There are 2 protein chains.
Amino acid sequence: MANIREIAKRAGISIATVSRHLNNTGYVSEDAREKIQKVVDELNYTPNALARAMFTKNSKTIGLMVPNISNPFFNQMASVIEEYAKNKGYTLFLCNTDDDKEKEKTYLEVLQSHRVAGIIASRSQCEDEYANIDIPVVAFENHILDNIITISSDNYNGGRMAFDHLYEKGCRKILHIKGPEVFEATELRYKGFLDGARAKDLEIDFIEFQHDFQVKMLEEDINSMKDIVNYDGIFVFNDIAAATVMRALKKRGVSIPQEVQIIGFDNSFIGELLYPSLTTINQPIEALAYTIIELLIKIINGEGVLIEDYIMEVKLIERETTISLKDLDPASI
Amino acid sequence: MANIREIAKRAGISIATVSRHLNNTGYVSEDAREKIQKVVDELNYTPNALARAMFTKNSKTIGLMVPNISNPFFNQMASVIEEYAKNKGYTLFLCNTDDDKEKEKTYLEVLQSHRVAGIIASRSQCEDEYANIDIPVVAFENHILDNIITISSDNYNGGRMAFDHLYEKGCRKILHIKGPEVFEATELRYKGFLDGARAKDLEIDFIEFQHDFQVKMLEEDINSMKDIVNYDGIFVFNDIAAATVMRALKKRGVSIPQEVQIIGFDNSFIGELLYPSLTTINQPIEALAYTIIELLIKIINGEGVLIEDYIMEVKLIERETTISLKDLDPASI
DNA sequence: CTGAAAGCGCTAACAG
DNA sequence: CTGTTAGCGCTTTCAG
């Protein structure tokens, strides 16, 4: 692959001028520009970003750590993060941690070695591992260290909204299927939901899933639920798990929402494909992704940012798995 | 961030020896090894992959181009490609092309500039753009150029199996919802399906969707289908589109599979979450991903590979959206 | 077993 | 407006 020296030689001009032209930095005569561009086009020359990065100390790459890219919520996040990053001139390294601390640690080293300009750590399981990283980091959902910004949705409030909604719809025998304890986000949803119930003096049952979506694994969790039919309202910690729960219920002949109302969390695309379509709490993916990228790039550029929690508003998306009792067609019960 | 010179100085040893130790290449005395490792640990030193890449001409990175990472089939592919790549010591750049030629071209340049060791181009819309790339490339699904290997599932056969299955189940008024013409994969499914029908002298109707899954867009396509209720069997070009079709049918009160049988394609996780669960054609994601990575890395390493089409076997996954007529409970019709 | 030195491709002073 | 030059951090001959 050609290099800048080759271009300079063929154009009969020094490499400094070629560099200036390529980067549009400093003066270059129109005449020189043309000559250079001609050779650049002929040789299909592309500047070596690695060499450039070594000098400028900015590789223009960002490491994106996600639990798993096949998780519908995280891949929607990844999709828009990718777009924002690209618009800013950054390319993403894709890192699936599988919610596994060891894998996260390994990737952390890989990203470090590639001298990424910044790291987005979603649902991190690490702490001190980030202490000696001198690369800008922003955390999504799980907190890492005091000096690392955390971005998340207002999960607590979302949980509370979920409860209020079910309650409003008339549910009184309520179950919450909660996520693994190590997920701060689902833990907050649980707390919010619980506080909502307490405010109404209502007792609530809980089941904890041992893991998040990893194609097929949820089914096991579902099988462990026995008396799931005894409730009239269920709040599931995310949409994909809710889909699995819905499927299990239908298999047992339970009709939704007539017999059990369901509410999920995320508002990932899957909710709209289900039948009945899933009532859920929307996480503002665009706002989350935008905030993550903006903050990270500000830190990369040495601009000051407030070290604090950045919490984005959620909102209820009412669809078909919840329904007002008065709207119920008696015949369908 | 520390560099090798710093390590060498602190360890009182030359950088050459430090390098040898780090890469386990050439002789280094046990004594030297210890001294070096001690400093490496103290300083949390990680070798600069950029500098290394400049010298070795192998960046140990791979550019993964996918239409969109939120497409369930492609993100499952990405997930396992990522795992295989990591095991081989490669890290992935994530590139969403959105099935847009211009975006693909842009990313091609970006990947070139980052001097990726190889490129995986899924469903590429380009041709000549790849002619002057001196980076190993493998294509998934769409062919690019004669000298570029293409890996894909046996889509033709899959289409044929889909027809045979519906026919066997008793369907005679059949519709195929096909993908955009520029997708070689869905085009082959269409051809296979058509040939199956011809073999039985059966006339079949077709509808063409204008685009693949991009959260929300499919709904428009669905709305454009009027007489969708007049069929007893539908083959949809992929699972996610099938999910949308199922939802539309149920909204119109059509029962599946009693009135219409449905078969999708991909066997992405979504099929199992639907109710009834979706009969579909399995694409062997593991085998595809494995082949893609194996071939690409062989090319990167200069080992010879056969330039030809690598076609992986598909198989029918029978679930609940198709059913033998004799199994039908008359009461449920 | 170890070190000096050249060079990968680029950018940014600095001196014309 | 342009060219020379010194590195960025690393690996690898080639001499010891």
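Since we're looking at a predicted model, the values are computed, not measured.
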Taken to the nearest whole Å, CG/B:Asn24 to P/C:dC1 is 13 Å

Indicate, with a heavy-atom threshold strictly under 4.0 Å, whether B:Ala53 touches base, sugar-phosphate, or nothing. nothing

Counting just side-chain N and O atoms, does A:Thr17 come under 4.0 Å of either OP1 or OP2 of D:dT2? no

Should we count NZ of A:Lys103 as having more than 12 external heavy atoms under 6.0 Å? yes

Round to a whole Å and report the spacing from CD of B:Gln112 to P of C:dG9. 15 Å

Could you tell me if A:Arg20 sits above the aromatic ring of A:Tyr27, with its cationic atom closer than 6.0 Å to the ring centre and no more than 45 degrees from the axis? no

Establish, with yes or no, whether the OP1 or OP2 oxygen of D:dC1 is under 4.0 angstrom from a side-chain nitrogen or oxygen of A:Ser29. no

Using atom NE2 of B:His114 as one end and atom P of C:dC10 as the other, report the distance to the nearest whole Å. 14 Å

I need a per-nucleotide contact map over nucleotides 5-11 of chain D, read 5' to 3'. Cutoff is protein heavy atoms under 4.0 Å; write B for the base, S for backbone only, - otherwise. B-BBBBB

Measure NZ/B:Lys35 against P/C:dC1 and give the value in whole Å, please. 14 Å

Check the distance between C:dC10's P and A:Ile36's CD1 and give it to me in whole angstrom. 13 Å

Less than 4.5 Å apart, any side-chain heavy atom of A:Leu43 and any of A:Glu6? yes

Send over the distance from A:Tyr27 OH to C:dC14 P, rounded to a whole Å. 18 Å

Just wondering, do A:Tyr45 and A:Ile4 contact through their side chains at under 4.5 Å, heavy atoms? yes

Please, which pairs that meet salt bridge (Lys or Arg N to Asp or Glu O under 4.0 Å) have at least one residue in residues 66-76 of chain B, sequence neighbours excluded? none

Assign the ring pair B:Tyr84 / B:Tyr290 to parallel, tilted or perpendicular, where the plane angle (0 to 90°) is split at 30° and 60°. perpendicular

